[in-house]
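Got a structure here, written out as structure tokens. Questions coming.
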Amino acid sequence: MWQETTNAYQQQVAALAAGAVEAAVTRVRTVFGRVYYIKGSPDTMPSFDGETAGDTVRVQDASTLDIVAEWRWTGAGWERMQVSSEQISNLDVGKLTVGAAEITEAVARRLAAVTGEFLSITTSQLTVSEQASINQAVLQEIWTRIVTADDGVFARIRAGMLAANSVTGDAIAGGAIDGMVITGAVIRTAATGARVELTEDGLRAYNAAGDITTQIRGQAAEIIGGTITGATIRTSAGADRTEMTQVNGLRVVKNSRVVAQLSSSITNGLSLMNPATGSLTPVAGTVFGGQFKDKTYTGGAGAPNTGNRRYEKMDFTASPSGRGIVIVYGNFAAGAASPLHMMLACSKDTGYTNLVCTTGYIYADGGHTGGAWTVMGLATGLPTTGTFSLYPFMAAAGSGYAALSSGWSVSRLACAFIPT
């Protein structure tokens with residue numbers, strides 16, 4: 001084993017011997033090429049070209065003569081050589097020196113001890129080459145320390161790495177929890193204040209004061225809340241149902257056919273199935289659309305205006321059903337004629353052919369000196385849009401039903417129309 005001497009005489013002799021050896025071996029030829037020795041620093045590059053590929057230049061420190069760099073001629077230029085692991089495989093850590101300072105045995109042991117314990121190491125600091133290997137005992141030790149660590153940071157843990165593919169704990173926090181089924185006693189958006197909670201009792205929504213504003217109770221099959229908003233709310237998906245939508249409003253469906261509808265898109269809001277037409281018909285006018293017209297005559301203005309009749313044209317708003325109840329009232333003064341027969345009626349035109357209702361001729365022995373009657377009937381086949389006209393009238397006849405076109409006059413005619 002080499003040992004550095006501290007004897008001054010021996011050191012002087014060694015220096016002289018080294019100078020002689022240096023001059024003798026400056027150029028040494030080997031089977032791999034010529035070897036050159038030059039003085040310089042680790043960054044010194046040869047200033048001359050090599051003769052043959054493989055020639056080597058070793059740079060020596062001018063003071064210590066230690067080899068601080070090595071270059072190899074490639075045929076085209078000098079290439080810096082690296083120290084391989086084989087060259088230092090038997091190097092004793094206790095003999096490592098830094099500059100001129102020697103690493104003591106105690107320091108070497110401390111370095112080895114600290115390095116073996118690893119104060120802190122990450123996977124990015126580990127490099128595994130094709131020739132590297134870790135025995136089974138080391139792998140088992142690393143795995144044991146990972147899964148039994150009190151605290152750790154991992155890039156990703158797969159479900160298969162967990163016992164029974166599950167995580168159990170008093171509190172689990174995360175940005176997102178994705179899965180097919182989440183089962184728990186309480187699932188909520190917040191612990192207090194405005195929040196939504198899902199429990200075994202159902203789904204509840206709370207306002208900022210902690211009051212329940214909406215609740216769905218599974219056991220009781222109830223939905224409790226001030227406002228329920230949705231695209232479609234219905235009792236079932238079957239052929240017989242009641243449903244509510246934004247477009248169609250509230251509809252009653254029977255055998256997949258709408259029989260009643262309440263919607264803002266319908267005239268006056270409400271429609272019902274019309275058995276006669278088989279279609280929905282707005283009925284607000286029928287229920288609330290009764291119409292009344294009347295005409296009063298003074299100073300004999302109610303005298304007959306066609307033959308023995310006095311009629312008055314009265315206009316009404318059509319009902320989508322095209323029918324309605326007609327009620328007619330008439331009052332007359334006899335004048336000089338005192339008719340034996342008087343009639344009150346209503347027609348769809350100015351004649352007798354389209355009568356809606358009539359009293360027929362009413363006979364009075366000795367003649368009518370005046371009177372008032374009311375008659376009612378059902379008008380059908382009326383227009384369903386726009387307006388239409390009815391013609392209430394009174395007629396007079398004498399002996400043998402002879403028409404009386406004068407000598408009497410109407411005091412008042414009135415007509416009411418109630419859509420059905």
Side-chain angles (χ1 to χ4, degrees), residues 274-277 285-420:
N274 187 339
T277 62
T286 300
V287 177
F288 307 106
Q291 303 170 57
F292 178 79
K293 302 293 178 68
D294 74 319
K295 178 69 174 179
T296 300
Y297 309 93
T298 60
N305 54 1
T306 178
N308 67 333
R309 292 181 297 125
R310 175 68 199 196
Y311 72 86
E312 192 68 38
K313 177 185 177 184
M314 298 183 177
D315 296 329
F316 298 90
T317 300
S319 167
S321 65
R323 64 181 184 179
I325 297 172
V326 177
I327 302 173
V328 178
Y329 168 82
N331 186 358
F332 84 103
S338 298
L340 290 176
H341 306 278
M342 289 297 300
M343 177 190 294
L344 174 64
C346 184
S347 176
K348 297 178 183 178
D349 53 30
T350 59
Y352 286 97
T353 56
N354 289 311
L355 292 177
V356 174
C357 54
T358 180
T359 60
Y361 276 117
I362 300 173
Y363 174 76
D365 190 17
H368 292 281
T369 59
W373 294 277
T374 299
V375 65
M376 180 175 64
L378 178 65
T380 59
L382 300 173
T384 57
T385 60
T387 61
F388 66 95
S389 299
L390 293 177
Y391 299 84
F393 67 88
M394 295 192 78
S399 177
Y401 294 99
L404 294 177
S405 58
S406 62
W408 66 276
S409 66
V410 175
S411 301
R412 184 182 181 191
L413 283 174
C415 181
F417 175 73
I418 303 174
T420 60

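FYI, the numbering just counts along the sequence from 1.
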When the side chains of residues 383-405 are checked against the rest of the protein, which donor-acceptor pairs come out under 3.5 Å, sequence neighbours left out?
| residue | atom | partner | partner atom | Å |
| --- | --- | --- | --- | --- |
| S389 | OG | D315 | OD1 | 2.4 |

For this session: Determine yes or no for a side-chain-to-main-chain donor-acceptor pair under 3.5 angstrom, with R309 supplying the side chain and T350 the backbone.
Result: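 Flag set: sc R309 to bb T350 pair under 3.5 Å.
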
For this session: Taking the side chain as every heavy atom from C-beta outward, state whether C415 and F316 have any atom pair closer than 4.5 Å.
Result: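 Contact flag for C415/F316 side chains = yes.
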
Problem set entry | Heavy-atom closest contact (K295 atom, M314 atom, distance) |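 Scanning both residues completely, I find the closest heavy atoms to be N-CE, 4.0 Å.
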
For this session: Measure across A334 and P339 and return the closest heavy-atom pair with its distance rounded to 0.1 Å.
Result: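 Smallest interatomic distance, heavy atoms only, reads CB-CD, 4.2 Å.
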
Problem set entry | Distance (rounded to the nearest 0.5 Å) between M343 CE and T359 OG1 |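 Taking CE in M343 and OG1 in T359, the distance rounds to 6.0 Å.
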
Problem set entry | K293 NZ: over 12 foreign heavy atoms closer than 6.0 Å |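 Result for NZ/K293: enclosed.
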
For this session: Evaluate side-chain contact (heavy atoms from CB on, under 4.5 Å) for Y311 paired with L413, printing each intermediate quantity in order.
Result: CA-CA 8 Å; Y311 72 86; L413 283 174; 5.7 Å; no

Problem set entry | Main-chain N/O of T420 paired with S321 side-chain donor or acceptor, under 3.5 Å |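 Yes: the side chain of S321 pairs with the backbone of T420.
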
Exercise. Does F417 reach the side chain of T317, with side-chain heavy atoms less than 4.5 Å apart?
Worked result: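 Of all side-chain heavy-atom pairs linking T317 with F417, none is under 4.5 Å.
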
For this session: Could you pull out the closest heavy-atom pair between G367 and L340, with the gap in Å?
Result: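 Nearest pair, atom of G367 first, then L340: N-CD2, 3.5 Å.
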
Exercise. Which atoms form the tightest heavy-atom contact between C346 and V328, and what is the distance?
Worked result: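 Closest pair (atom of C346, atom of V328, distance): CB-CG2, 3.4 Å.
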
Exercise. Closest approach of L378 and G324, non-hydrogen atoms and distance?
Worked result: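 Closest approach of L378 to G324: CD1-O, 3.3 Å.
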
Exercise. Under the salt bridge (charged side-chain N to carboxylate O under 4.0 Å, His left out) rule, what pairs show up with a residue in residues 404-417, not counting sequence neighbours?
Worked result: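 Only D294-R412 qualify under salt bridge (charged side-chain N to carboxylate O under 4.0 Å, His left out).
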
Exercise. Which atom names give the shortest non-hydrogen contact between H368 and F332, and what distance separates them?
Worked result: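 Heavy-atom minimum between the residues: CB-CZ, 3.5 Å.
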
